Amino acid sequence: MIIVMLGAPGAGKGTQADLICEELGLAHISTGDIFRANIKNGTPLGMEAKKYMDEGKLVPDELTVRILLDRVSKDDCKDGYVLDGFPRTIPQADVLKEALNKSDEKVDFAIDVEVPDEDIVNRMSGRRSCPKCGASYHIQYLPPKTEGICDHCGSELIHREDDKPETVLNRLNVYHAQTQPLIDYYRGEGVLHSIDGTKPRDEVFKAILGILKA
Ligand code: ADP
Ligand code: AMP
């Protein structure tokens, strides 16, 4: 099963992708996490990606697509995966479609997590992220069991540099201009499902499971 999570930055894609992967035994692929790991390790890819990420811009398609296709060719993706933060442009979606076609596969579900812009800045300013396993928390809505510490791996949580309100507004503009058109793209493919992402995490997850298990 191949699932694409759609939605604005901060809509809850990563939070739901984690739950889906745990429930269905799929691999969680976040291009943002891959870029951040590369930045942390000081790789050339990380240095290139950082230039764009710091300003809330998209990393160029060519680079992003190469990283993604390499990642989904790994063994842990054999039984399926959830894409969180990819595709973010129509050309990215086209490359994915073409690559999947070659192995007689396709995107089975595109889940659009709908959250209005007004809620996004608040979500991002309260977001705390695990730099090691990628888990996402919110100081108010979804706090970790111990303040500042990841429930899953015990690492110290961070407030992402690009979650500052100025950058979040840029990211929202980029989302509306370049990523939102994917909603129509996947509607056209007959795989789009929209859900209300303003509901509490577990309610959102229940709605998603209802779709995946229908
Ligand atoms: P995305 O992967 O779409 O950028 P995240 O999953 O990291 O978004 O969620 C963004 C922020 O919103 C995080 O702080 C997360 O804990 C919080 N969050 C996620 N889902 C919900 C929800 N249903 N209600 C309230 N806050 C949520
Ligand atoms: P995310 O962790 O999904 O919020 O992504 C953080 C940042 O990484 C984005 O603002 C982009 O700069 C970059 N990024 C992640 N995924 C992509 C993608 N599919 N295409 C281009 N840039 C991406």
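Remember, predicted model here, so these are calculated numbers, not experimental data. When a residue number appears, it is its place in the shown sequence, counting from 1. Both ligands and their constituent atoms are indexed starting at 1 by order of listing.
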Could [X] and [Y] be called an ion pair, given the rule that one side-chain N must be under 4.0 Å from one carboxylate O?
{"X": "Lys106", "Y": "Glu189", "result": "no"}
{"X": "Lys97", "Y": "Glu105", "result": "no"}
{"X": "Arg123", "Y": "Asp119", "result": "no"}
{"X": "Asp84", "Y": "Lys13", "result": "no"}
{"X": "Asp76", "Y": "Lys74", "result": "no"}
{"X": "Lys164", "Y": "Asp54", "result": "no"}

If you measure every N/O of [X] against every N/O of ligand 2, is any gap under 3.5 Å?
{"X": "Ser30", "result": "no"}
{"X": "Arg160", "result": "yes"}
{"X": "Val59", "result": "yes"}
{"X": "Gly85", "result": "yes"}

Tell me: protein heavy atom nearest [atom], and distance?
{"atom": "atom 20 (N) of ligand 2", "value": "Gln92 NE2, 2.9 Å"}
{"atom": "atom 23 (C) of ligand 2", "value": "Phe35 CE1, 3.8 Å"}
{"atom": "atom 4 (O) of ligand 2", "value": "Arg171 NH2, 2.9 Å"}
{"atom": "atom 19 (C) of ligand 1", "value": "Thr15 OG1, 3.4 Å"}
{"atom": "atom 12 (O) of ligand 2", "value": "Lys57 O, 2.6 Å"}
{"atom": "atom 23 (N) of ligand 1", "value": "Lys199 O, 2.8 Å"}
{"atom": "atom 8 (O) of ligand 1", "value": "Gly12 N, 3.2 Å"}

Proximal candidate to [atom] [heavy atom criterion; set [options]]:
{"atom": "atom 20 (N) of ligand 1", "options": "Met5, Gln16, Arg123", "value": "Arg123"}
{"atom": "atom 17 (C) of ligand 2", "options": "Arg88, Gln178, Arg127", "value": "Arg88"}
{"atom": "atom 17 (C) of ligand 1", "options": "Glu203, Arg128, Lys13, His138", "value": "His138"}

Atom indices of ligand 1 within 4.0 angstrom of [X] heavy atoms, with elements:
{"X": "Arg201", "result": "22 (C), 23 (N)"}
{"X": "Ala8", "result": "3 (O)"}
{"X": "Gly14", "result": "1 (P), 2 (O), 6 (O)"}

### Task
Compare every heavy atom of Ser30 with every heavy atom of Arg36, then report the nearest pair and how far apart it is.
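Looks like NH2-OG, 4.3 Å.
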### Task
Specify the closest pair of heavy atoms between Cys153 and Lys132, including all atoms of both residues, with the distance to one decimal.
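Here Cys153 and Lys132 meet closest at SG-CB, 4.0 Å.
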### Message
I'd like to check the ring pair (Phe, Tyr, Trp, His ring centres under 6.0 Å) partners of Phe109; sequence neighbours left out, ordered by chain and number.
### Response
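Once residues adjacent in sequence are excluded, the partners of Phe109 under the ring pair (Phe, Tyr, Trp, His ring centres under 6.0 Å) criterion are His193.
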### Task
Output yes when a side-chain donor or acceptor of Asn41 lies under 3.5 Å from a complementary backbone atom of Ala37, and no otherwise.
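Such a contact is found between Asn41 side chain and Ala37 backbone.
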### Message
I'd like to know if Gly7 contacts ligand 1, where contact means a heavy-atom distance under 4.0 Å to any ligand atom.
### Response
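No; Gly7 lies far enough from ligand 1 that no heavy-atom distance drops under 4.0 Å.
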### Query
Can you tell me if Arg36 has a non-hydrogen atom under 4.0 Å from ligand 2?
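Checking ligand 2 against Arg36, which is what was asked, there is a heavy-atom contact under 4.0 Å.
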#### Entry: Contact check: Ala11 vs ligand 1, nitrogen or oxygen atoms, below 3.5 angstrom
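It does: an N or O of Ala11 is found under 3.5 Å from an N or O of ligand 1.
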### Query
Is the closest N or O pair between Thr198 and ligand 1 shorter than 3.5 Å?
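Such a contact does not occur with ligand 1.
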### Task
Just do the side-chain hydrogen bond (donor to acceptor under 3.5 Å, both in side chains) check on Asp162 and Thr167 with the steps written out, would you?
CA-CA 6 Å; Asp162 61 346; Thr167 319; over 6 Å; no
